[in-house]
Each structure stands twice: as structure tokens, then as C-alpha cells.
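Both counts, for ligands and for their atoms, begin at 1 and track the order of listing. All residue numbers refer to positions in the sequence shown, counting from 1.
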Amino acid sequence: MDFSAELQDRISRQLAQVHGRIADACADAGRSPETVTLVAVSKTQPAAAIAAAAAAGQRDFGENYLQEALAKQPVLAGQGLVWHFIGPIQSNKTREIAAHFDWVHGVDRLKIAQRLSEQRPAALAPLQICLQVNISGEDSKSGVAPADVSTLAAQVAGLPRLQLRGLMAIPAPVRAGGDLREPFRALRWLQQSLNNAGLALDTLSMGMSDDLEAAVAEGATQVRIGTAIFGARAPL
Ligand SMILES: *Cc1c(COP(=O)(O)O)cnc(C)c1O
């Protein structure tokens, strides 16, 4: 599809900056940069911006709003892009999410997981799942409570058309002087306790534009980055 040289330049440059931040954070943590997948969060961005990122080598894209994603995906078909659904999931949207995405990061209850498993088309690989954890214990946030993760994880791990890969969180903003890494560390410990109990989870989806370094320091394997790649989003 057509997009301007200006758009291509800007997105290539910002993508390179984000890769640089990931590389620096990995170096500080003694990790290899290949252990961190960059998920470019393209919600509210036009298909042209996604195409420009894809032309710069970006493969994984995260979308929050189903209708918006379904409108853009056909324009970008055939490029081998990997689509992550990272928004809240209503049960009447599971069929289309199961058919049009490779990963779903926001699963926080069994009913949603059961529907995604039942509705995942047989021709596609199992849907890759992260359970969203309400790691900061916010009243308003979606996500399963930390105390309930192990029960949900065991149930989801048994669903035939899903592959449970790990945990995802969006921590509450940390107050000035607070420890940015603490909620990410808590998510990593939760994952370790699940693995000690017999699961084999390899994914920690955590870290956004403002806190990717703290997340990588605590073991993030997928960082979900929007603003730092595409610029500020227009308010919805
Ligand atoms: C919007 C969004 C992001 C990206 O946030 P930025 O601050 O723009 O990097 C990451 N994860 C989720 C779940 C989001 O909704």
C-alpha cells in the first residue's frame, strides 16, 4: 500500500530507537535482545502506519479494538504479520478474535477462554494465550486477582484449542520515587510459582513506552509499545 517517505522515515527511526532501548535494557540485565519480542501497538493508527512499520521489519502488532483491527487487517494481509489482541474482551467478540488473531493477552476469566477455544478455527494453530493479572490490585482494572491465577491457569491450560503461554499485566502508575520494577517482579514471581507447580509458561507480556526498561530488567519477553513507535495517539 502507499505511504509517504516522511511516514516511513519517522516510523523506521522510532522503531530503531525502541530497538536500541530494548538492547540497552537487555545489556544491563545480562539478557540477549532476541529474548524480547517487540509488539508494536497500533491501535488508532492508520493501516499506512502499520505498513510502514512492517516495511521496516516489524512483524508483531497489537490491537485493542476489534472492529478497528478487522478493518485494517485485510489491507495488510499476506505480509506474515502476527496479530495480538491486547484489549478487554467481551464475550460477544470472542468468535472474531479467535478467527483473526494469533495471540490474545487479556484473558482473565474461564468463560472467555472456553469460548476462544471452542471458536478457534480448526485450520489455524492453537491460539496463544496470556492471562491478564491485576497485579496492582486496582478496583477498576480488568485482570484476574493474583490469588486466583493458579486456578484459572490450570483450567485454561486444559483447553484444547488454546496454548497458555504466560502472563500479562498493566501495572498502576507508580508514584514518584516508587519502585517501577516491583509490579513486574511480582508478575515474574507469579509465573515462576506456576511453573514450579508444573506449568511451562515462557511468556511475560509487560512493559509499555514509559516503562519498558523496568519490565525488561524483570524478565519481560514481550513488550507492548505504541507511542514510542507511532507517536501520540489522537484521543478517542
Ligand atoms: C495502548 C496499550 C499499550 C501501548 O501503550 P504505549 O504507552 O503507547 O506504549 C500497551 N499495552 C496495552 C494493553 C495497551 O492498551
Q | Heavy atom of the protein closest to atom 3 (C) of ligand 1 (residue, atom name, distance) | A | Met208 SD, 3.6 Å
(Q) Tell me the nearest of Ser209, Gly207, Ser142 to atom 7 (O) of ligand 1, using heavy-atom distances. (A) Ser209
Q: Provide the number and element of each atom of ligand 1 under 4.0 Å from a heavy atom of Ile225.
A: 9 (O)
Q: Give a yes or no on whether Arg185 atom CZ has more than 12 heavy-atom contacts from other residues, nucleotides or ligands under 6.0 Å away.
A: yes
Q) Is it the side chain (CB and beyond), the backbone, both or neither of Lys43 that lies under 4.0 Å from ligand 1, heavy atoms counted? A) side chain
Q.
Pairing donors with acceptors under 3.5 angstrom, does anything connect the side chains of Ser91 and Arg115?
A. no
Q.
Assess, by modelled atom type and distance only, whether the side chains of Gln119 and Thr94 contain a donor and an acceptor separated by less than 3.5 Å.
A. yes
Q: Give the numbers and elements of all ligand 1 atoms closer than 4.0 Å to a heavy atom of Arg224.
A: 4 (C), 9 (O), 10 (C), 11 (N), 12 (C), 13 (C)
(Q) Is it the case that the side chains of His84 and Asp102 hold a donor-acceptor pair, with the cut-off being a distance below 3.5 Å and no angle test? (A) no
Q: Could you list which atoms of ligand 1 come closer than 4.0 Å to a heavy atom of Gly226?
A: 4 (C), 6 (P), 8 (O), 9 (O)
Q) For ligand 1, which atoms have a heavy atom of Ile170 less than 4.0 angstrom away? A) 13 (C)
**Q.** N/O separation below 3.5 Å, Arg233 to ligand 1
**A.** yes
Q. Do you see a donor-acceptor pair shorter than 3.5 Å between the side chains of Gln90 and Lys93?
A. yes
Q | Aromatic plane relationship, Phe101 with Phe85 - under 30° parallel, 30 to 60° tilted, over 60° perpendicular | A | perpendicular
Q: Would you check if there is a donor-acceptor pair between the side chains of Ser42 and Glu63 at a distance under 3.5 Å?
A: yes
(Q) Which heavy atom of Thr44 sits nearest to which heavy atom of Glu68, and what is that distance? (A) N-OE2, 2.7 Å
Q | Per-atom contacts, ligand 1 versus Ile86 - under 4.0 Å to a heavy atom | A | 11 (N), 12 (C), 13 (C), 14 (C)
**Q.** Those atoms of ligand 1 less than 4.0 Å from some heavy atom in Asn64
**A.** 14 (C), 15 (O)
Q | Numbered atoms of ligand 1 (with element) below 4.0 Å of Thr227, judged on heavy atoms | A | 6 (P), 7 (O), 8 (O), 9 (O)
